[in-house]
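Atoms within each ligand, like the ligands themselves, are counted from 1 in listed order.
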Amino acid sequence: MKGIWVVVALTLEVALAAIPEETLDWWQTSVFYQVYPRSFKDSDGDGIGDLNGIADKLGHLKDAGIGAVWLSPIYKSPMVDFGYDIANFTDVDPIFGTLEDFNRLQNRAKELGIKLVLDFVPNHSSNESDWFVKSLQRIDPYTEYYVWVDPKYDAEGNRIPPNNWLSEFGGSAWEWRAERQQYYLHAFAVQQADLNYNSPYVVEEMKNVLRFWLDRGVDGFRIDAVPYLFEDPELRDEPLSGKPDALPSESQYLTHIYTQNLPKTYDMIQQWRQLVDEKKAEDGQTRVLMLETYAPIDKVMAYYGSEERPGGHFPFNFLLISDLNKDSNAYAFNETVHKWIDNMPEGRWANWVIGNHDQHRVASRYGPELVDGLNMLAQLLPGSGITYNGEEIGMVDAHISFSDTVDPAGRNAGPERYELFSRDPERTPFQWDDTFNSGFSTSNRTWLPVNSNYHQLNLAAQKEAPVSHYKVYQRLIELRKQPTVQRGSLQTYPASEKVFAFSRVLSGKIPIVVVINLGSETEHVNLDALADIPENLVVDVASIYSSRVAGASVSRSDITLDPKEALVLTSASQI
Ligand code: NOJ
Ligand code: MG
């Protein structure tokens with residue numbers, strides 16, 4: 001009987017082969033840490049985080065074991081979308097500091113051996129940028145910098161937008177400007193005008209933006225809103241999605257076949273890759289491209305590009321956000337891990353995102369008890385780990401009323417629907433300690449409120465406690481330095497409906513097993529289906545509510561797990 005079960009189980013598993021010994025590059029072995037600058041640390045008391053604040057706190061990243069930091073936008077901006085509406089792509093917004101402050105931050109990062117990655121936001125600019133102002137006046141070459149289209153008229157002769165396309169932040173994606181007697185396209189807020197990539201001037205302009213920051217020594221870019229770069233030149237209406245939960249004004253109401261992931265978008269990414277690779281050719285240092293591509297899996301994978309024409313080093317893997325939640329069982333986890341690994345082009349590098357500034361906190365999506373389990377997945381599955389600031393201490397969403405909501409995605413949705421769209425809850429200030437404003441700012445008013453749970457939930461307390469999310473996180477980052485985690489094979493195994501397990505094995509090295517009870521009941525499982533794992537295992541690190549401590553023994557064939565308990569097991573008491 002047992003033999004049959006193993007065969008059945010094996011059909012469910014991934015067997016990703018070990019990676020041959022070779023020197024992995026920095027972007028493959030580093031953990032990327034996303035800093036949302038407005039919320040990290042305020043150095044000048046205006047209630048908004050800034051570059052000097054980040055520089056002061058880089059030691060935290062070092063302490064955690066982080067290898068690279070990605071900064072959400074720091075450029076000159078009217079801040080309608082909190083920096084994703086850029087008025088000048090080659091200057092720092094005064095709220096965040098100056099170019100000199102940027103240099104200082106960069107030097108500090110270098111001293112600590114931390115790579116610095118910037119957010120590149122190519123799809124749109126602020127409607128307050130010089131480019132847009134000139135485009136409005138038809139001053140060349142800016143005339144065609146944006147997607148301007150003549151109006152249509154209905155049967156009564158009323159002016160209407162050229163088609164049914166919708167903004168991600170609600171309502172028509174078209175805005176009328178009397179000055180030009182035309183509509184312009186905005187995939188996001190009205191104040192975020194889409195750039196026209198059919199203009200060779202725009203293509204060159206944006207390459208110059210990349211060159212500007214590369215020449216200043218940055219180590220790569222996270223590229224924003226990649227799928228939106230090009231649109232159907234025929235401006236065809238998009239079909240209705242049929243999604244029952246979406247209102248007609250909401251983006252989900254349509255299927256985005258004419259506004260997202262067009263073939264030319266892939267080509268543009270490949271051109272940017274060529275540009276960063278040319279920089280690499282100068283000194284041998286890789287400049288990484290990480291792509292924000294929320295899209296169906298085949299469309300996402302195509303952003304890796306081909307061997308001859310590579311695209312991004314990786315498109316972000318958002319599956320642990322989009323496909324799973326607190327109700328998902330072990331089979332769903334198994335399928336989701338497969339979905340990335342099995343669809344990824346051969347020889348490419350995976351990555352695992354569990355949170356960012358657009359997604360509710362891990363603790364709020366999965367429940368606080370699963371924070372350590374999710375960090376174990378993100379850090380110990382093959383590929384790069386990515387951490388959004390605050391996830392290392394298990395920060396939770398704050399409740400923010402509609403009248404206090406500042407995110408345009410929330411405000412546009414109105415008081416009835418804002419909670420479905422607002423990203424304010426996951427953007428509250430970092431919780432450093434239990435002093436005023438959690439040590440984030442001395443201001444009486446911070447741009448978003450500090451979560452009131454900060455007296456208990458903060459970094460200082462977690463550093464002091466013998467067991468904490470932060471201590472688990474630190475240990476996971478240490479484990480990532482093991483060859484087994486960097487290069488070992490992967491085998492996944494849903495050990496029961498509620499228990500998900502996987503192993504990492506590398507010949508001659510200590511194996512690593514992760515086992516997570518996703519359910520709310522005690523579970524008894526055996527992990528005999530995992531190949532090359534010895535019977536006697538020891539706990540390397542356990543989730544914080546586990547009664548097990550590091551060094552405790554566990555036998556592979558008979559494991560009892562408490563509700564939500566997550567364990568990293570190895571075969572030696574110390575690695
Ligand atoms: C994705 C960013 O992560 C999000 O915060 C922003 O609103 C949109 N792109 C538009 O730039
Ligand atoms: Mg400030």
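Taking all heavy atoms of His124, His357, Gln34, Gln359 into account, the minimum distance to atom 10 (C) of ligand 1 is reached by His124.
Taking the ring centre of Phe402 as origin, the terminal cationic atom of Arg417 falls outside the region bounded by 6.0 Å and 45° from the ring axis.
Residue Asp46 approaches the Mg ion (ligand 2) most closely through its N/O/S atom OD1. Take the N/O/S atoms of Asp42: the one nearest the Mg ion (ligand 2) is OD1. Asp50 has its closest N, O or S atom to the Mg ion (ligand 2) at the position named OD2. The closest approach of Asp44 to the Mg ion (ligand 2), by N/O/S atoms, is made by OD1.
Without hydrogens or angle criteria, Glu238 side chain to Thr259 main chain gives a donor-acceptor distance under 3.5 Å. A distance-only check finds a donor-acceptor pair linking the side chain of Asp232 to the backbone of Leu235 [under 3.5 Å].
Proximity of the aromatic rings of Phe221 and His313 is defined here by a centroid distance below 6.0 angstrom, and this criterion is not met. Between His186 and Phe169, the gap from one ring centroid to the other reaches at least 6.0 Å. Taking the six-membered ring for Trp, Phe132 and Tyr145 have ring centres at least 6.0 Å apart. For an aromatic pair to be called close, the ring centres must be under 6.0 Å apart, and Trp349 with Tyr304 fails this.
Within the 4.0 Å heavy-atom criterion, the part of Arg427 lying near ligand 1 is the side chain and not the backbone. Contacts between Arg222 and ligand 1 below 4.0 angstrom, taking non-hydrogen atoms only, involve the side chain exclusively. Looking at Tyr36 against ligand 1, nothing comes within 4.0 Å, counting heavy atoms.
For the pair Phe82 and ligand 1, no heavy-atom separation below 4.0 Å is found. Residue contacts with ligand 1 leave out Glu168, since none of its heavy atoms falls under 4.0 Å from the ligand.
The Mg ion (ligand 2) has an N, O or S atom of Ile48 under 2.8 Å away, backbone or side chain.
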